[in-house]
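Reading through the structure tokens given below for one structure.
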Amino acid sequence: MIEIKHISKTYGKKESAFEALKDVTFTIPDGASVAILGKSGSGKSTLMHAMSGLDRPQTGEVVIDGQNILTLKDKQVDRFRAEKIGFIFQSFFVQGNETVSDNVSLPLEIANVAFSSRRKRVEAALDSVDLLEKKNNRAKDLSGGQKQRLAIARAIVNNPSIIFADEPTGNLDSVTGAKVEDLLFSYNKNKGATLIIVTHDADLGAKCDIIIHIKDGKIESIDNKKTRDGAKR
Amino acid sequence: MKFVDITKRAGRSLRESKARTILTSLAIGVGAFTITLSLAAGAGGRQYAADIVSANTNKQELQVSQKQESALSGPQEYSDSPSVTFGGRFSVKQLSSADIDKIAAVSGVKSVSPAYNLSVKYITRVGAKKYNASVSQYNNAMSYNFIAGNGKNLADDEIVLSKDYITALGFKSPQEAIGQTVDLVVARAADIVPPQDQKTFSYKIAGVIDQNELSFASNQTVILVTPAAAKTMYDYNQTGTTTYGNYLAAVVIAKDGVDVNTVKDQLNKLGYDAQTAQDLMSTIFQFINVLQGILIGFGALAVLTSVFGIINTQYISVLERTQQIGLMKALGMRRRDVGRLFKLEAAWIGFLGGAIGAGLAMVVGLAANPWISNVLSLPKGTDLLIFQPLSVTVVIVGLILVSVGAGILPARKAAKLDPIEALRTE
């Protein structure tokens, strides 16, 4: 469970201060698929950074599985990210000069996974995104859709309980985008991992269980398809 | 993150920019090349010097003389003890016969042979011309290069001659000369007014020597007799002169099994100046070490230059890979590990540079050794460049450490990168 309690984040100081997040509070149950929906500059990326421990809001709590990650030391936050979180970015951030399997192996190396089990896990992850036969190719030779599938393999290889996807289909055409979406949702359903998609694409957002609308750093509304309570804030 | 994984990733990203890696390594390679060659030259020089010293000296042997006054400016106070005075200022104190007895009485001393300062008029034999001669004492410790006969158990009526005398004195071959008689003619130095009294001393040729490439006595006119034979001629030559019985120096041989340094200490305590073969060697070594130090200094300068190259390369690499660093940090890679990644890349550069430089130095050195020996006319089998595995290893390891040091600043920059900022870079 992810509990966000009254977080605020301000960039800059005094006159130039900019409040990116204003007293944001919500809760995400385990295994849900969540869309954080908002226009650019709405604070949705800042929210994702705060939830994943990349950024530290000045006030509030980010409680994940009972642990407030804002009170952890950097070292522990790094470990938390390495073990529990997978990231997918709009511009893929795959390492073009490395092979496909080396790209996928990186999170395992960071998380200190033993050599013996790495290969198996890398191949399983590549297999689930249909890239196994490309494992020895260089990542730069892949197409955009393949790169994003590679990024998904990299995000899921260490069996994270939470996956953050920042505009995962933003750089893809609709056909390849749809395939990437399918992969993400099927991982969410099959493994029970929480999927948090940050997007401005309402169609993509509509496919999620929970839709959090964010505007000017504040939560506008939260739609929960499962409870249909549509709590307004 | 495991050290092995970081090392592999570091190596991989260097392979990605081969040209840059190799060029940066080459800069440090120049330093490695110079330092490796300097160390090899130093090792070779010391080895050569040690060969020379051991060929010319006995490790049980000491050169003993009077302790000399060091301050030699202004008029010197007259001393009644025997001395040779040069121009009123510079005087060398000599050892008297009493001193020789005193030295001989020191425990641990096996023998004392004064340096007999005798002058022989000429050497000749029946039916041959007269030749100038200068007589030295045969020393068992020296390695003479015998081409006929030998100097073992040289008797007091025997003599060792160099090859050129054999030819000059009309022998057909060195072998033929063995057992033949030659005459040394000595005059009395005390007879200042001619005609001087003179006497012929006859010796049997026991051995013929050729030039020894490692020997100090490299001139080709050597006449060697036993110390006792030298004393006999000296007595005839010098009796009646003011300097008779006084010697500039004496050679002391310490008893076998006695540490030559304890004998040296005792002699120094008695007021003599004693030098062992080791002392002589350390003087030469000091000279070689200074030269080697200068060469290493040039190498160090090249290394210093390459340090800036490494810093520069690594800074550029950090800039180029901002995104990659951001991703790794987002995925939970620790600051320390990111820093290590860049330090290890620097270490790889250092290793490559060290290996290239040292390797090249060895190839060039080993190829040049015969040529150098030829140009400097060193004896066969003497290499002036000796590559010791340990010193080559130390050079490479040292350069790796220097490179890591150079990589610290860029590595710190990488470690400090904010992943959010880094991933925003498009």
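Taking 4.5 Å as the limit, every side-chain heavy atom of B/Gln324 sits out of range of all side-chain heavy atoms of A/Phe93. Between A/Phe115 and B/Val4, some side-chain heavy-atom pair lies under the 4.5 Å cut-off.
Within a 6.0 Å sphere centred on OH of A/Tyr11, heavy atoms belonging to other residues, nucleotides or ligands number more than 12. Within a 6.0 Å sphere centred on CZ of A/Arg79, other residues, nucleotides and ligands contribute 12 heavy atoms or fewer. Atom NZ of A/Lys134 has 12 or fewer heavy atoms from other residues, nucleotides or ligands within 6.0 Å. Within a 6.0 Å sphere centred on NZ of B/Lys2, heavy atoms belonging to other residues, nucleotides or ligands number more than 12. Enclosure of atom CZ in B/Arg20 by more than 12 non-hydrogen atoms of other residues, nucleotides or ligands within 6.0 angstrom is indicated. The environment of B/Phe351 atom CZ is sparse: at most 12 non-hydrogen atoms of other residues, nucleotides or ligands sit within 6.0 angstrom. Counted within 6.0 Å of NZ on A/Lys22, heavy atoms from surrounding residues, nucleotides or ligands total more than 12; the atom is thus considered enclosed. Within 6.0 Å of atom CD in A/Glu133, more than 12 heavy atoms from other residues, nucleotides or ligands are found, so the atom counts as buried in its surroundings.
Between atom CG of residue A/Asn112 and atom CE of residue B/Met1 there is a gap of 9.0 Å, rounded to the nearest 0.5 Å. Here the CG-CG distance, from A/Asp55 to B/Asp418, works out to 7.0 Å after rounding to the nearest 0.5 Å. We find the CZ-CG distance between B/Arg336 and A/Asp78 to be 11.0 Å, quoted to the nearest 0.5 Å. Here the straight-line distance linking atom CD1 of B/Ile420 with atom OG of A/Ser52 works out to 7.5 Å at 0.5 Å rounding.
Across all non-hydrogen atoms, the minimal contact from B/Ala330 to A/Phe89 is CB-CZ, 4.4 Å. In plain terms, the two heavy atoms of B/Leu327 and A/Gln95 that are nearest each other are CD2-NE2, 3.7 Å.
Residue contact with chain B, scored on non-hydrogen atoms closer than 4.5 Å, is absent for A/Phe80. Contacts between A/Val94 and chain B at a heavy-atom distance below 4.5 Å are absent for every atom of the residue. If you measure heavy-atom distances from B/Arg12 to chain A, the contacts under 4.5 Å come from the side chain alone. Both the backbone and the side chain of A/Asp102 come within less than 4.5 Å of a heavy atom in chain B. A/Leu54 touches chain B through backbone and side chain together, each having a heavy atom under 4.5 Å away. Interface remark: A/Glu98 contributes side-chain atoms only to the contact with chain B (heavy atom separation under 4.5 Å). With a 4.5 Å cut-off on non-hydrogen atoms, B/Arg321 does not touch chain A at all.
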Next item on the list: Using the side chain to side chain contact (heavy atoms under 4.5 Å, CB included) rule, take A/Leu106 and B/Arg9 through it: C-alpha gap first, then chi angles, then the decisive distance, then the call.
Entry: CA-CA 9 Å; A/Leu106 178 64; B/Arg9 287 206 171 257; 3.6 Å; yes

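Between B/Lys8 and A/Glu109 there is no salt bridge, since no side-chain nitrogen of the basic residue lies less than 4.0 Å from a carboxylate oxygen of the acidic one. The pair A/Arg118-B/Asp5 counts as a salt bridge, with a side-chain nitrogen and a carboxylate oxygen less than 4.0 angstrom apart.
Within the 3.5 Å criterion, the main-chain N or O of B/Lys329 finds a donor-acceptor partner in the side chain of A/Arg81.
With chain A as the partner, the residue from B/Met333, B/Arg335, B/Glu16 showing the most heavy-atom pairs under 4.5 Å is B/Glu16.
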